[in-house]
Amino acid sequence: MSRPLRITLSAALSLAFLLVTAPAQATALVTVLRYDAGRAAEFSATVDQAAQVWNANVANVRLMRGTPAHFVVYADNGWPRALPTSLGRGTVWMGRQAVNQGYYPLRIATHEIGHILGLPDRRTGRCSDLMSGSSAPTSCTNATPSAAERAEVDRNFAGATPLVEFGRLHEER
């Protein structure tokens, strides 16, 4: 066997060995969603914090303030609610009524954004479940999604079918 052929064969075998033994690399793309909290009044900074909570807890989606926005957040005097129109798109209302009743604004914002990320309400009453919403007591200040909720959002943005009902208003009462 000629020297150039041996070198080529050796290089090919080395490359094949590296491909077989190297750890698999994640190939999932991260979806970037822009949100507009410019109409969230006194809740604007809270919405930014909620985006940071999601960014710290999920891998397949990143939330950033900007326009044109995929979802818009408003402040009003009603009850908090969200209208997801499709995965990552919709409208959130930070209702002052729940805050006035003692619910934690960061938990509200993180919960409502959860609907935009494809999570339905789950009225478990447990503070550890972000999507339990107002079924948890007003003393609950947990604004971090549970491991199951984090995994569900990552699955949603990896191509799974979200369980939230799109085009329906999700009100937390």
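No experiment lies behind these values; they were computed from the predicted model shown.
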Query raised in the report: With a cutoff of under 4.5 Å between side-chain heavy atoms, which Ile, Leu, Val, Met, Phe, Trp and Tyr residues group with Tyr104?
Result: Leu106
Report task. Without swapping roles, check the side chain of Thr138 against the backbone of Gly102 for a donor-acceptor pair under 3.5 Å. Result -> no
Query - Whichever hydrophobic residues join Val72 through chains of side-chain contacts under 4.5 Å - result: Tyr74, Leu83, Trp93, Leu169
**Report entry** Nearest non-hydrogen partners of Asn142 and Cys127, listed with the distance
**Finding:** ND2-O, 2.9 Å
Query raised in the report: If you measure from CG on Leu119 to CG on Asn156, what distance do you get to the nearest 0.5 Å?
Result: 6.5 Å
Query - Distance (rounded to the nearest 0.5 Å) between Arg39 CZ and Thr91 OG1 - result: 9.0 Å
**Report entry** Nearest-0.5 Å distance that lies between atom CZ in Arg81 and atom CE in Met94
**Finding:** 11.5 Å
Query raised in the report: When you measure from the side chain of Glu149 to the backbone N and O of Ser146, does any donor-acceptor pair fall under 3.5 Å?
Result: yes
Requested in this report: Step by step, work out the side-chain contact (heavy atoms from CB on, under 4.5 Å) result for Trp54 and Thr110.
Outcome: CA-CA 7 Å; Trp54 281 111; Thr110 310; 3.3 Å; yes
Requested in this report: May I ask whether Val153 and Leu87 are part of the same hydrophobic cluster, defined by side-chain heavy atoms of I, L, V, M, F, W, Y residues being less than 4.5 angstrom apart, directly or through others?
Outcome: yes
Report summary line: Rounding to 0.5 Å, atoms CE (Met64) and CG (Asp48) come to a distance of 11.5 Å
Requested in this report: Salt-bridge test for Arg122 and Glu152: reply yes if a basic N is under 4.0 Å from a carboxylate O, no otherwise.
Outcome: yes
Report task. Indicate the ring-plane relationship of Tyr35 and Phe71, choosing parallel, tilted or perpendicular according to the 30° and 60° boundaries. Result -> parallel
Query raised in the report: Is there a side-chain contact between Asn60 and Val30 (heavy atoms, below 4.5 Å)?
Result: no
**Report entry** Nearest heavy atoms of Ala143 and Val53, plus distance in Å
**Finding:** O-CG1, 3.2 Å
**Report entry** Side chain proximity check, Pro84 to Arg89, heavy atoms < 4.5 angstrom
**Finding:** no
Query raised in the report: Backbone N or O of Ala41 within a donor-acceptor pair of the Ser44 side chain at under 3.5 Å?
Result: no
Query raised in the report: Any side-chain heavy atom of Phe43 sitting closer than 4.5 Å to one from Val99?
Result: yes
**Report entry** Flag side-chain contact, heavy atom, 4.5 Å: Tyr103 against Pro80
**Finding:** no
Query raised in the report: Does Arg168 reach the main-chain N or O of Val164 with its side chain, forming a donor-acceptor pair under 3.5 Å?
Result: no
Report task. Please name the pair of heavy atoms, one in Arg150 and one in Pro145, separated by the smallest distance, quoted to 0.1 Å. Result -> NH1-O, 2.7 Å
Report task. Answer yes if the side chains of Asp129 and Thr124 hold a donor-acceptor pair under 3.5 Å, and no otherwise. Result -> yes
Query raised in the report: Taking all atoms of both residues into account, what is the closest heavy-atom pair of Ala75 and Ala40, and its distance?
Result: CB-O, 3.4 Å
Report task. May I ask you to decide if Pro68's main-chain N or O and Arg34's side chain share a donor-acceptor pair within less than 3.5 Å? Result -> yes
**Report entry** Minimum-distance pair of heavy atoms, taken over all atoms of Ser132 and Ser135
**Finding:** O-OG, 2.7 Å
Query - Hydrophobic cluster identity match, Val58 and Leu63, side-chain contacts under 4.5 Å - result: yes
Requested in this report: Using modelled atom types only, decide if a donor and an acceptor are shared between the side chain of Asp121 and the backbone of Arg123 within a distance under 3.5 Å.
Outcome: no
Query raised in the report: Could you state the interatomic distance from CE (Met131) to CG (Leu163), rounded to the nearest 0.5 Å?
Result: 11.0 Å
Requested in this report: Kindly indicate, with the supporting measurements, whether the criterion side-chain contact (heavy atoms from CB on, under 4.5 Å) is fulfilled by Phe157 and Leu117.
Outcome: CA-CA 8 Å; Phe157 285 89; Leu117 301 178; 3.9 Å; yes
Requested in this report: List the steps and the verdict of side-chain contact (heavy atoms from CB on, under 4.5 Å) for Ser86 and His70.
Outcome: CA-CA 10 Å; Ser86 63; His70 294 92; over 6 Å; no
Query - Cationic N near anionic O, under 4.0 Å, Arg96 to Asp76 - result: no
Query raised in the report: Is Leu33 reachable from Leu130 through a run of I, L, V, M, F, W or Y residues, each pair having side-chain heavy atoms under 4.5 Å apart?
Result: yes
**Report entry** Derivation of the side-chain contact (heavy atoms from CB on, under 4.5 Å) call for Asn55 and Val61
**Finding:** CA-CA 7 Å; Asn55 288 343; Val61 64; over 6 Å; no
Query raised in the report: Atom OG1 of Thr141 and atom CZ of Arg107: how far apart are they, to the nearest 0.5 Å?
Result: 8.5 Å
